[in-house]
Number of protein chains: 2
Amino acid sequence: MSMIADALGVSSATVSNALSGKGRVSANLVDKIRKKADELGYVPSNAGRALRTGRSNVLGLVLPDISNPLFPQIAQAMEAAASNVGYGVLIADSRGKVTTQTQAISRLIERGVDGLVVIPRRGTRIGDVGCPVAMVDTPSTPGNTVSADHWEGGAKVARHLVDLGHKNFLLVGHDPASNVQNDRIGGMKSALGRNTRHTTIWLETLMHERGERASLGLIDHIKNDVTAIAAVSDLHALRVLTELQTAGIKVPQQVSVTGFDDLIFSPVVTPSLTTVHMDMARIAELAIAALVREIEQGKPAGQNGKAAKQTVTADTSKVSMELMVRASSGPAASPDAPFPTGETL
Amino acid sequence: MSMIADALGVSSATVSNALSGKGRVSANLVDKIRKKADELGYVPSNAGRALRTGRSNVLGLVLPDISNPLFPQIAQAMEAAASNVGYGVLIADSRGKVTTQTQAISRLIERGVDGLVVIPRRGTRIGDVGCPVAMVDTPSTPGNTVSADHWEGGAKVARHLVDLGHKNFLLVGHDPASNVQNDRIGGMKSALGRNTRHTTIWLETLMHERGERASLGLIDHIKNDVTAIAAVSDLHALRVLTELQTAGIKVPQQVSVTGFDDLIFSPVVTPSLTTVHMDMARIAELAIAALVREIEQGKPAGQNGKAAKQTVTADTSKVSMELMVRASSGPAASPDAPFPTGETL
DNA sequence: AGCGTATGATTAATCGATTAACCAGTTAAT
DNA sequence: ATTAACTGGTTAATCGATTAATCATACGCT
């Protein structure tokens, strides 16, 4: 910056003012400075700016477990949304453990992030971290900034299956302590209506009892007239799907299967998976916008008034989910022939 | 820092020396300063340090496409390896496009990263970016810093299938321009031996001709006596698997299927997928170590000697891959009964 | 005693950008 | 005509940590 100033015989303050458009500089001079800056390939030093302004223009993204298959979508959306408004994204993985998560958060804080986006793990408590925090979980969680409307998503798949004539459902969850999963299943149940039946199983509990790779015992449920299996994630839907196929049960002719999240493999498995898609880009946009708004209001850090919000609030806290009807869901099998055996390929 | 100095009546330079262990400070005083620092909850300012030292302690991770299902593993491993040696990780997604990638890289540079880890997309050229770059691709790519030994991995699965008695193979690739995939397939072919046959299909080409969700036409190959299908990714193996199951073909009784990468769903589909696992943690460790070594040698930026390396070199450039034998691969079906129909479940 | 050498700590400059305070002209207003 | 207000710019302080240069003692050795 001082090089530009020297080259044009002005002071560096003027250069700063010209480039930031803040002080009073003649339009003429602004042009010259801009041109010179380009010419010299000037790139503002983040360190210098950060030191002076106390802002790093970097946000932290805290994830419960990066290896979650949904993470790519999240990271991509957050990175795009942040970079659109001039922020970088520093990642931190807490590998499931709550203690690790606390460490991860402090590492980010020490790095001087201006704000945090947290995808919480059950049991996560965000203490006072000294910077704005956006939380992306589910609308029913207190402090949630913005998230997909998982309840509505559940309702949408369920209604789809009901419309197809299904009456007997198996709902497949993974972790009974997850708010997101509970909302999804809650939404499903709310839409099932009076003349249907449903059973819910939780895989984590099941696997704890029977081992990691045990069969899910789907056949029993099907013998019990279940014709639709709705899972809270495509990962579990996939597990269901392949288990059924191995047992020779036709999807969707005998049983319909649905998932959630529209993971990358969902469109390409056979039959392609009916699922519920979340608009992560929009969620990210809202979360980042809320965060940035808070950051740029310039918190006087010490002043912790009585209404010290733990997390920021977005314009909208729910983003609608979209049902993706594909090949794994179809009309309920007629009850007359519960076990069709013909090669209906 | 000056607060600590004031509180103990010493100069801030002494505090700096004490905490960094660089200058000469009496052991006694070092203790007192450490204690005071803890007491005051001192956290060094990254901005101040970065400004003075010219180092940000942040690395950039450039990915061709975050939505790649392998990305979680990569990001997690890189983040862990970096944070172990005191670095943060800033992500940048290039969404497949080469132009976007260039932009993403400059954004990272402007943010002042000390080094870059690039997972290149075919056609990626890393220009002179002014900081050390580690490239993670495949050993056969010029400039590759470190990566899994994809060729060896291919050889391992192929040998496994040969040992099971298979003689007629279908190799499934996606993108014929990908170095990684070519190495994997090359490795497979190298291990197939003389009295076997194989055909290779490339999904991208296929899908271009027949549409995104077209059948892969596996049945024809199987009628042609193929008993083993080896894909270059679990994603494609999964597609193969479900397509076979829908057609009523038993895996592994009639046909064995293998994949690559040990993606998150691979152990839980039915049958669980035989695949090749890469030790991403070790790859990340080597890449980061190479990068950090280069960074901390302190490049005099201007001095671009004739041997200006484009990318850094790691101690080892190949990391062995591990074969994970699971349920989707089994002995070759006896040629006498190419189409067993009994319910051998 | 006198000289050289460690030891332990201080001073002050520096990195690059921002910004409050100030200054010198010019124009407008009373 | 004198003051007020505006314009276009400059000065200098500041953010926090690092580090070369320097200084003041104390110690060891002949």
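These values consider heavy atoms only, across backbone and side chains, with no hydrogens, waters or symmetry-generated copies. Keep in mind that this is a model prediction, so the values were computed, not measured. By convention in this document, chain letters (A, B, ...) are assigned in the order of the sequence lines, proteins followed by strands, and residues within each chain are numbered from 1.
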Note to self: Test side-chain contact (heavy atoms from CB on, under 4.5 Å) on B:Y87 and B:L291; report intermediate values, then the result.
What the structure shows: CA-CA 11 Å; B:Y87 282 78; B:L291 212 46; over 6 Å; no
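- Side-chain contact check for B:N179 and B:T138: no donor-acceptor pair (N or O, by modelled atom type) lies under 3.5 Å.
- Interface residues of residues 6-23 of chain A facing DNA chain D, ordered by number: A:V10, A:S11, A:A13, A:T14; criterion, heavy-atom separation under 4.0 Å.
- Protein chain A contacts DNA chain C from C:dG16 to C:dT19, reading 5' to 3' and using non-hydrogen atoms of the protein with a distance under 4.0 Å.
- Nearer to the 5' terminus of DNA chain C, by closest-nucleotide assignment, is the contact made by B:L29 (compared with the other of B:L29 and B:L51).
- Side-chain polar atoms of B:T14 and B:S11 form a donor-acceptor pair below 3.5 angstrom.
- Contact annotation for B:R49: backbone-only contact, meaning every heavy-atom pair under 4.0 Å involves sugar-phosphate atoms and none involves a base.
- Nearest-nucleotide positions on DNA chain C place B:A27 closer to the 5' end than the other of B:G48 and B:A27.
- The bend of the helix from C:dA1-D:dT30 to C:dT30-D:dA1, defined by the angle between the axes of its first five and last five pairs, stands at 50° to the nearest 10°.
- For the pair A:R24 CZ and D:dT7 C1', the interatomic distance rounds to 6 Å; values are reported in whole Å.
- Checked for salt-bridge contact, B:E39 and B:K36 meet the test: a charged N lies under 4.0 Å from a carboxylate O.
- By the 6.0 Å contact criterion, CZ on B:R282 is open, its count of non-hydrogen atoms from other residues, nucleotides or ligands being 12 or less.
- Counting heavy atoms from C-beta on, the side chains of B:L70 and B:M278 come closer than 4.5 Å.
- Looking at B:V312 and B:V133, their side chains never come closer than 4.5 Å, going by heavy atoms from C-beta outward.
- No side-chain donor from either of A:D137 and A:S147 sits under 3.5 Å from a side-chain acceptor of the other.
- Across every non-hydrogen atom of B:M280 and B:A77, the tightest pair is O-CB, 3.6 Å.
- For the pair A:L59 and A:L90, the minimum side-chain heavy-atom distance is 4.5 Å or more.
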